[in-house]
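Here's the structure we're looking at; comments come further down.
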Protein chains: 2
Amino acid sequence: MPVTINDIAKAANVSKATVSYVINNKPGVSEVTRQKILQIMKEMNYRPNAVARGLAGQKTEMLGLVIPDITDMFYADIIRGVENTANRFNYTLNLCTTHAEPQKEKDVVDSFTSGRVDGVILMTYHLNIDYIYELKKRGIPFVFIDCPIDDESIYSIIVDNEEGGYKATEYLIKLGHKEIAFIHGSRDSWDNESRFKGYCRALKDYGLKFQEEFIKHGEFQKIGGYQVTKELLKLEKKPTAIFAANDQMALGALSAILEAGLKVPDDISIIGFDDIEAAALVDPPLTTISQPTAKMGQKAVELLMDLIRGEEPEPRKILLKTVLVERGSCA
Amino acid sequence: MPVTINDIAKAANVSKATVSYVINNKPGVSEVTRQKILQIMKEMNYRPNAVARGLAGQKTEMLGLVIPDITDMFYADIIRGVENTANRFNYTLNLCTTHAEPQKEKDVVDSFTSGRVDGVILMTYHLNIDYIYELKKRGIPFVFIDCPIDDESIYSIIVDNEEGGYKATEYLIKLGHKEIAFIHGSRDSWDNESRFKGYCRALKDYGLKFQEEFIKHGEFQKIGGYQVTKELLKLEKKPTAIFAANDQMALGALSAILEAGLKVPDDISIIGFDDIEAAALVDPPLTTISQPTAKMGQKAVELLMDLIRGEEPEPRKILLKTVLVERGSCA
DNA sequence: TTGTAGGCGTTATCAC
DNA sequence: GTGATAACGCCTACAA
């Protein structure tokens, strides 16, 4: 049986109210009693019960984080950003992974709307707008990262994927490339679409023609990138550069090219997206577009904290820029 | 203001006790009232407050996880194992990272001993035996993973690092190597010491002599592995194989060797430890010793659940074996 | 400056 | 079967 505020009060010969005051160091307690109580708390090794405080004070100092997968570096970096920032606010993290399963996403979010946490950061792919409106009614603050839904009222942190796609393509164009292939990720992915839009816009801005045969689909998988690159290499007019919508596919493309006896970047340039850890380790190291993962986590928490404090921060969308990481796979 | 059990009770014209019974589907409620209450709960979109349940029932259905770093693949895999298993028990995860800082480790553990969680899984490097005994008095169940302290009374999951070190060395020996270098990790690391012991034991068992000049220190860092390998390559009698105490250092060693114009594994073989993601991606892919990360997480949770249930499981130490992952860096 | 008492939302122990 | 009512440990008016 852990020691409670009552035990302290008895031992110190005061009421629990007084003890409570010193716990939360509020004014209105004489220095003598305060010191005495402090002393006794230390002696008895007292630590306030967080659950009881949560009930009484209506806040748990915990925040929920819903994320697809911890073992994916991209998410791991976000989580770290979230945790570090949460700690700054004396908040602790309740983590749930969904593996991007629709049902799991709902279950997890439901479990967070039971008073367990003061607010939730969401990274989900399948929650639809109705559900999210439902969520708003539950009265718990939440912030999306990369929200797949375009609704002005939802607080969210957004990465400017289109600008990233544009930047990648422009980089290749400025390097002198005119025949640039694009490897799509998942068809229904918002991120992927934006990157593709950036690609198209860059081509257009620089007066390059869009070539249907250079557009492939790799489903965000390494193997996908590998396979479609093989197809690309069979074309009579091969591309001189490949922009893959994520690094995994770029890595796949890289293997395919090397396997065909060609050199990167001498024969073909490759640029990826995400800047996963492996990107720096392959040979040649992969040039890519890096997402500001730590900042995404940080901004999400800061926004959420404002909401928890009852503020209504504006704007509701925070747009973060990507950055080009030049390594050795483009020339 | 979320709807409470009282609101439901009023709406259904019963007492909250009755509502509570149906929430926890306990017997002793007529089918009619049960259905009626269920109906109303759904209509009013009621969900029980987890914090209040925690206070009343003395359990939070959450467990704490103290770990150095999420962005390290090794830990990430462990976390995943923990989370999956915790979910099976309907438990959710409260995650805290320490970055292996001594003070942070203490703070975090302290914060978990405030009733916030039902039990804690610890992966720490600096908590000393006194503190741990202190912890036991607090009455909260805890399980260590890779406990750095050798005390029979502490519950912990242990990886047989020595056997892993032995296995790696033996593998090289059987490949015909006689000049095997060893790159140490951190000097004060328990894991590292065990791996080194395994290395020494294997040399001895196979009648190979221990050569001081082949023993280097890389501090578990890639750059460290790189630097000491450069030194190794300057020796008049170079080693024919290198066993690095972790993959990061092995990767560093790999770069150093390739940079020197030598081939792996033709000129020098390399074996690592941990099987991080990058190990499979480099060229040549790294042969390494893999730790059973998912199982470590799983076993830790299972053990902890027994403790939470008030059992006293034996034995208190669970020893897990490593596995050799043969790839292309040894010949 | 300190104490009393009510409340936070549940669970659990009794009676009825 | 169902309903009061007392915990659970803390916070916070309000009173003294």
Side-chain angles (χ1 to χ4, degrees), chain A residues 1-38 40-41 44-62 111-118 138-140, chain B residues 1-38 40-41 44-62 111-118 138-140:
Chain A
M1 226 51 21
V3 15
T4 77
I5 199 174
N6 259 311
D7 302 327
I8 301 297
K10 267 180 206 141
N13 243 309
V14 296
S15 76
K16 3 182 243 174
T18 310
V19 179
S20 178
Y21 292 146
V22 352
I23 290 172
N24 303 288
N25 48 61
K26 299 212 168 158
V29 181
S30 72
E31 205 45 34
V32 249
T33 30
R34 180 183 300 276
Q35 287 308 328
K36 187 170 86 181
I37 291 173
L38 245 21
I40 292 183
M41 292 201 310
M44 302 184 65
N45 216 311
Y46 167 70
R47 70 197 65 243
N49 180 301
V51 177
R53 300 185 104 184
L55 222 209
Q58 306 283 50
K59 61 175 174 180
T60 60
E61 309 221 297
M62 296 222 320
S111 94
F112 277 143
T113 54
S114 60
R116 189 192 292 291
V117 295
D118 295 346
R138 311 244 252 269
I140 180 170
Chain B
M1 227 51 25
V3 14
T4 76
I5 199 174
N6 259 313
D7 303 327
I8 301 296
K10 266 180 206 140
N13 243 309
V14 295
S15 77
K16 24 184 220 167
T18 310
V19 178
S20 179
Y21 291 145
V22 353
I23 290 172
N24 302 287
N25 47 63
K26 297 207 171 160
V29 182
S30 73
E31 205 44 35
V32 249
T33 29
R34 180 183 300 274
Q35 288 308 327
K36 187 168 89 180
I37 291 172
L38 246 19
I40 293 182
M41 292 199 312
M44 302 183 67
N45 215 312
Y46 166 72
R47 72 194 66 242
N49 180 302
V51 178
R53 301 183 105 182
L55 222 210
Q58 306 282 51
K59 61 175 175 180
T60 60
E61 310 223 296
M62 297 220 321
S111 93
F112 276 143
T113 53
S114 60
R116 188 191 293 290
V117 295
D118 295 345
R138 310 246 252 268
I140 180 172

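Labels below follow one simple rule: chain letters A, B, ... track the order of the sequence lines, proteins then strands, and each chain is numbered from 1. The structure displayed is predicted, hence computed values, not measured ones.
Comparing dC10(D), dT11(C), dT2(D) against the side chain of Thr33(B) picks out dT2(D) as the nearest. Here the nucleotide nearest the side chain of Pro48(B), chosen from dG3(C), dC8(C), dT10(C), is dT10(C). Closest to the side chain of Ser15(B), from the set dG9(D), dG3(D), dC10(D), is dG3(D). Which of dG9(D), dA4(D), dT10(C) sits closest to the side chain of Ala17(B) comes down to dA4(D).
Rounded to a whole Å, the CE atom of Met41(B) is 11 Å from the P atom of dT10(C). Distance, Ile8(A) CD1 to dT2(C) C1': 18 Å, rounded to whole Å. Going from atom CD1 of Ile5(A) over to atom C1' of dT12(D) covers 11 Å, rounded to whole Å. Taking atom CD1 of Ile23(A) as the reference point, atom P of dG9(D) lies 13 Å away to the nearest angstrom. For the pair Lys16(B) NZ and dA7(D) C1', the interatomic distance rounds to 11 Å; values are reported in whole Å. The NZ atom of Lys59(A) sits 16 Å away from the P atom of dG9(C) (whole-angstrom rounding). Summarising the geometry, the separation between CG on Leu55(B) and C1' on dG9(C) is reported as 9 Å, rounded to the nearest angstrom. In this structure, Arg34(A) places its CZ atom 10 Å from P of dT2(C), rounding to the nearest Å.
Judged by distance alone with a 3.5 Å cut-off, a donor-acceptor contact links the side chain of Tyr21(A) to the base of dG3(C).
Counting only heavy atoms from C-beta outward, the side chains of Tyr46(A) and Ile40(A) never approach each other to under 4.5 Å.
Proximity of Arg53(B) to the phosphate of dG9(C): no side-chain N or O atom is located under 4.0 Å from OP1 or OP2. Contact check, Thr4(A) against dG9(D): no side-chain N or O comes under 4.0 Å of OP1 or OP2. A sub-4.0 Å separation between OP1 or OP2 of dC11(D) and a side-chain N or O of Ser20(A) is present. The shortest distance between the side-chain N/O atoms of Asn49(B) and the OP1/OP2 oxygens of dC8(C) is not below 4.0 Å.
Using a 4.0 Å heavy-atom distance criterion, Asn6(B) is classed as making no nucleic acid contact. Nucleic acid contact for Val14(B): sugar-phosphate only, since backbone atoms but no base atoms lie under 4.0 Å from a heavy atom of the residue. Within the 4.0 angstrom heavy-atom criterion, only backbone atoms of the sugar-phosphate kind lie near Lys26(B); the bases stay farther away. Looking at heavy-atom distances under 4.0 Å, Asn13(B) makes contact with sugar-phosphate atoms alone, never a base.
Heavy-atom nearest nucleotides on DNA chain D were determined for Glu31(B) and for Thr18(A), and the one closer to the 5' end corresponds to Glu31(B). Comparing Gln58(B) and Gly28(B) by the nucleotide of DNA chain D that holds the closest heavy atom to each, the one mapping nearer the 5' end is Gly28(B).
Closest non-hydrogen pair, Ile37(B) versus Ala12(B), comes out as CG1-CB, 4.1 Å. In this structure, Thr60(B) and Arg116(A) approach most closely via the heavy-atom pair O-NH1, 3.7 Å. Between Thr113(A) and Arg47(B), the shortest heavy-atom contact is O-CD, 2.9 Å. Shown here for Asn45(B) and Val3(B), the closest heavy-atom pair between the two residues is O-CG1, 4.2 Å. The two residues Leu55(B) and Val51(A) have their closest heavy-atom pair at N-CG1, 3.5 Å.
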